[in-house]
**Student:** 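This is the structure I have questions about; it appears just below.
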Amino acid sequence: MSISKTYQPKQAEDKWYSYWLQHKFFRSVPDEREPYTIVIPPPNVTGVLHMGHMLNNTIQDVLIRRARMKGKNACWVPGTDHASIATEAKVVAMLKERGISKKDLSRSEFLSYAWEWKEKYGGIILEQLKKLGASCDWDRTRFTMDDDLSDAVIDTFIHLYKKGLIYRGVRMVNWDPQGKTAVSDEEVIRKEVNQKLYYIRYAVAQGSQISDQRSEKSDFGHPPSDFLTIATTRPETIMADTAICINPDDQRYKHLHGKKAMIPLIGREIPIILDEYVEMDFGTGCLKVTPAHDLNDYELGLKHHLPVIDILNDDGTLNENAQILMGEDRFIARKKIVLLLDEEGALEKVEDYKSQIGFSERTDAVIEPKLSMQWFCKMEEMAKPALDYVLKGDIKLIPDKFINTYRHWMENVHDWTISRQLWWGQQIPAWYLPDGQFVIAKNREEAFEQAQPLSTQHSPLTIDDLTQDQDVLDTWFSSWLWPISVFDGFKDPNNDDINYYYPTNDLVTAPEILFFWVARMIMAGHEFRGELPFRNVYLTGIVRDKQGRKMSKSLGNSPDPLELIEKYGADGVRVGMLLSSPAGNDLMFDESHCEQGRNFFNKVWNAFRLVKGWRVDKNLENPNKVAIAWFKSRFSQALAEIENNFSQYRISEALMATYKLVWDDFCAWYLEMIKPAYEHPIDRETYENTIVFFENVLKILHPFMPFITEELWHDEVFGERTEVDCCIVASMPEIEQINTQLLEETEIVKQAITDIRNTRNNKQISPKEALALSVKANSGINYNQYRSIIGKLGNLSAFNIVDEKVSGAVSFMVSKDEFFIPLTGNIDPVAETERLNKEKEYLHGFLKSVEVKLGNERFMKNAKPEIIENELKKKADAETKLKIIQDNLASLAD
RNA sequence: GGGAGUUUAGCUCAGCUGGUUCAGAGCAUCUGCCUUACAAGCAGAGGGUCACUGGUUCGAACCCAGUAACUCCCA
């Protein structure tokens, strides 16, 4: 069987992915092996694969494949999230395109459109993950609105309600006027925005005696006692003002105590109240208090028992309470009211002003603080044990710098707004009686039973008198159950799956959703199973572009992952994603990383072509015993390093260690050491060892580059393979004995070879021209062992081990050993002397610093013995080298 | 405004308990090679006042304090 000159990723990827599926290698069922479990952070059904997913899922797949090869029962559970706001927005947009308005649809009509949309597009992202090579157990695919998962949501709602952890109340919430729903604090993105600060005059009256200045503009505003000035960024809300507040200590406004002010344009009278909350040096020191439209004002209003006047409709337009500009959008109203105020002479000035404004994560609309009736979940009680898991180290956050952030959040946790004014999602199981009382029940029948005794009506209550709450639950209210619900832990709390797979092992996710999701899963795990949901949380970074900007669709700076796969192969992209992404650090994505990944698999492919081309001659002796022994040791050494990196979740470092082992040690050194001359056969022993090494190389590469490794695994050079003898389920090589002396000596040999090549470079001698080399071994290394390696890689015609210096030769020193290349015609004694003098100078300086250290009484007294010993050794080594150099200088002078 | 983090080669990052004259890797750069596995390559090389200022120590990239710049979270 011949092998093509280059690797064809696309073909191999399709072939092996379906082969793996067909042979159910991703499938996991409980057995006697140790489980290793990851639940996927379910991507939104509306999602298309972006670079963040690529990074996240590559890491998960590396972990899963590695665990599988280490003999664990590896289970990666995939699925999608119903993402209520995002999906509902998508469906509304789709309907709009078809000329249908949501208003004209009943709830069930709308939902049937939504499900239709979900069936059509909801699976796209999972299909895309397959292209990446994700080895999920697809038979276990779940969706957060599957019947069982929805049941779990409703049951937990009821459970928490009964426990007193869920309540209903009027609160100030973040209102998204575009999505027309409340959103949680975590879904509000704050951005700094250039705004205007408007200074507006309010007339002041004695008690309730307000003069009719309103009609006489000329009188307005001259004597300071006649008006006060407030500063606001939101002039359109003045109609909702219910007080003016000043600091009681503010000397400027003592005269206003106990008086009243009048709102311009509408002439409503409001009290002037005193509170230390007001900062005297911000704005004018007079604060307009608008309880309905500002959180702080709302709290101030509660304290001072102020009325609440809400002037906004759900869509952000002004309502009849505003008295003026009714029906206008809040931003248009702002512009118009400024003109009106100016006309009336109530606008003093306008300044530029920068401040933070909240935007909806989902719709990007400016968030409006709004009072509304919502459902809440109490967090404090559940946060406590969830915090302890992390503080005690039962759950590890990687990197651990996130522990602080986590603690800070958990200690200051506030109640969670769980209702959303949407249709797509789990409808809140609250049922209202005609008189406004409500019961919490799983369905209408149960609700009716509970409701009957409560009824205050004269006529008997009928089941149809009940109406269910129109709102649905926050998406995260289903996501937080994910690690339990994917194993049916609610429906059947003692089933084999949940008992076997739960708690899961690792969770790989973005730090942005540490609180949204991770913290709440920990709470849910404790609340509903009395156990943590996972042991390690690997927090990835954000994928950014070269300029450090977050990759996003709107910026258009994100490459299409599928195109990248097309261009560099899935293996190339996987390696590219991992090359530079330590946990918790943002990843500056650069396509050149993928190129590096592609070059890497190309290297592996070509190395394979070399080995595959060899012909074995059984009669040959093995001349490569040292090379083989060296690579064995080196492989184990690297394996230990890789192992150690993985144990600390340093995945990019594990990849780099693998990369260097394969490229440098295996290809550049080992294969070059043993490579037979062109068209010459190889001995059997070397060949067989090399085949085993290659197989081991494929194994350690597999988690990073699953496709090419599987492709090569099945080549005939490895002998017959059964149908299920695949790289994906091969067992990882184990660490064997490491011969440290051999490794150290080989490093010296490699350095000597480099120096030979260097000499060639400097003297412009072709690599093809064989050279003679002599070594005076002062270190005790037996160079006979390395004769063939040095001879081959250095292209030597002779290699002599000598006891005396060779005069008239180019020389170099590695460790303590001296090497000589007789190149009489080529030596420049002046340059050589200069070089040696430089070396001498350096060693003198070095020696001096060591001697100073050793002569320092306090060093000798305080330093650890092994450090002193090391310094003594350094001294001795330097002295030996110095002596050699001096000898060389002397012989040059002859 | 409060809290956290970062700052080491042109770029991306290592540097674990302070101890090889002030330091490593990959990529990029430069020089020479189309040497029948690989130019997506081979062989070499250069490149750093470890952000700044002080302190602790026999000894600091590492510990402490302050300064600056950037990033993130919360208000």
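Predicted model, so just to flag it, every value in this text is computed and none were measured. Just so you know, these numbers use all the heavy atoms, side chains as well, and skip hydrogens, waters and symmetry mates. Quick note on labels: first sequence line is chain A, next is B, and so on, each numbered from 1.
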**Student:** With the sugar-phosphate defined as primed atoms, P, OP1 and OP2, and the base as all remaining atoms, what B/S/- string results for nucleotides 33-40 of chain B, 5' to 3', for protein heavy atoms under 4.0 Å?
**Tutor:** ---BBB-B
**Student:** Using whole Å, report how far CZ of A/R858 lies from C1' of B/U57.
**Tutor:** 8 Å
**Student:** Check side chain to side chain contact (heavy atoms under 4.5 Å, CB included) between A/N696 and all other residues, then give those that pass, not counting sequence neighbours.
**Tutor:** A/F635, A/V692, A/K699, A/P733
**Student:** Between A/K873 and A/D877, is there a salt bridge with N-O shorter than 4.0 Å?
**Tutor:** yes
**Student:** Quick one: A/N412 CG to B/A4 C1', roughly how many Å, whole number?
**Tutor:** 14 Å
**Student:** Work out how far the P atom of B/U49 is from that of B/U8, and round it to whole angstrom.
**Tutor:** 12 Å
**Student:** Distance check, C1' atoms only: B/G59 and B/G18, in whole angstrom units.
**Tutor:** 8 Å
**Student:** Please name all residues satisfying side-chain hydrogen bond (donor to acceptor under 3.5 Å, both in side chains) with A/N689, sequence neighbours left out, ordered by chain then number.
**Tutor:** none
**Student:** Answer yes when A/K612 and A/E716 have at least one side-chain N-carboxylate O distance shorter than 4.0 Å, and no when they do not.
**Tutor:** yes
**Student:** Taking only residues two or more places apart in sequence, or in another chain, which ones meet A/Y670 in a ring-ring contact (aromatic ring centres under 6.0 Å, His included)?
**Tutor:** A/F631, A/F666, A/F693
**Student:** Could you measure between the two P atoms, the one in B/G55 and the one in B/C11, and give it in whole Å?
**Tutor:** 31 Å
**Student:** Please name all residues satisfying side-chain hydrogen bond (donor to acceptor under 3.5 Å, both in side chains) with A/K875, sequence neighbours left out, ordered by chain then number.
**Tutor:** none
**Student:** When we call it a touch if two heavy atoms are under 4.0 Å apart, what does A/Q764 touch: a base, just sugar-phosphate, or nothing?
**Tutor:** nothing
**Student:** If I pick the C1' atom on B/A61 and the same atom on B/U57, what distance separates them, to the nearest angstrom?
**Tutor:** 16 Å
**Student:** What is the distance, rounded to the nearest whole Å, between atom CD1 of A/I367 and atom P of B/A75?
**Tutor:** 13 Å
**Student:** Which residues pass the side-chain hydrogen bond (donor to acceptor under 3.5 Å, both in side chains) test with A/D415, not counting sequence neighbours?
**Tutor:** A/Y167
**Student:** Holding to ring-ring contact (aromatic ring centres under 6.0 Å, His included), I want the full list of residues that pass it with A/Y7, two or more places apart in sequence or in another chain.
**Tutor:** A/F601, A/W605
**Student:** Is the shortest distance from a Lys or Arg side-chain nitrogen in A/K10 or A/E13 to a carboxylate oxygen in the other one below 4.0 Å?
**Tutor:** no
**Student:** Can you name the ring-ring contact (aromatic ring centres under 6.0 Å, His included) partners of A/Y298, sequence neighbours left out?
**Tutor:** none
**Student:** Output the single nucleotide from B/G19, B/C27, B/A43 whose closest atom is nearest the side chain of A/N761.
**Tutor:** B/A43
**Student:** In whole Å, what is the span from the CG atom of A/N856 to the C1' atom of B/G19?
**Tutor:** 13 Å
**Student:** Take the protein atom CG of A/L872 and the nucleotide atom P of B/G19, then report the distance between them rounded to whole Å.
**Tutor:** 18 Å
**Student:** Convert the base pairs of RNA chain B into dot-bracket notation, remembering that pairs crossing earlier ones are written with [ ] and that bases paired across to another strand are shown as |; include only Watson-Crick or G-U pairs under 3.5 Å.
**Tutor:** (((((((..((((.....[....)))).(((((.......))))).....(((((..]....)))))))))))).
**Student:** RNA chain B: A/Y659 or A/E653, which has the more 5' nearest nucleotide?
**Tutor:** A/E653
**Student:** By a strict heavy-atom criterion of less than 4.0 Å, which residues belonging to residues 752-760 of chain A are in contact with RNA chain B?
**Tutor:** A/T754, A/R757, A/N758
**Student:** Between P on B/C74 and CZ on A/F402, what's the gap in Å once rounded to a whole number?
**Tutor:** 13 Å
**Student:** Just to verify, what does A/F608 make a ring-ring contact (aromatic ring centres under 6.0 Å, His included) with, not counting sequence neighbours?
**Tutor:** A/F694, A/F718
**Student:** What integer distance in Å separates A/L539:CG from B/G5:C1'?
**Tutor:** 14 Å
**Student:** Give me the one residue out of A/E591, A/R574, A/Q596, A/H593 that meets side chain to side chain donor-acceptor pair (under 3.5 Å) with A/Y568.
**Tutor:** A/E591
**Student:** Can you tell me how far P in B/C34 sits from the matching atom in B/A40, rounded to whole Å?
**Tutor:** 16 Å
**Student:** Taking the P atom of each, how far is B/G54 from B/G47, in whole Å?
**Tutor:** 28 Å
**Student:** Given the C1' atoms of B/G41 and B/U36, what is the spacing between them in whole Å?
**Tutor:** 13 Å
**Student:** With A/E747, which residues qualify under side-chain hydrogen bond (donor to acceptor under 3.5 Å, both in side chains), at least two apart?
**Tutor:** A/K750
**Student:** Say you pick atom P in B/U53 and the same atom in B/G46; how far apart are they, in whole Å?
**Tutor:** 28 Å
**Student:** I want to confirm an ordering. Mapping A/V850 and A/M656 to their closest nucleotides on RNA chain B, which one lands closer to the 5' end?
**Tutor:** A/V850
**Student:** Could you tell me how far apart A/E641 (CD) and B/C16 (P) are, to the nearest whole angstrom?
**Tutor:** 15 Å
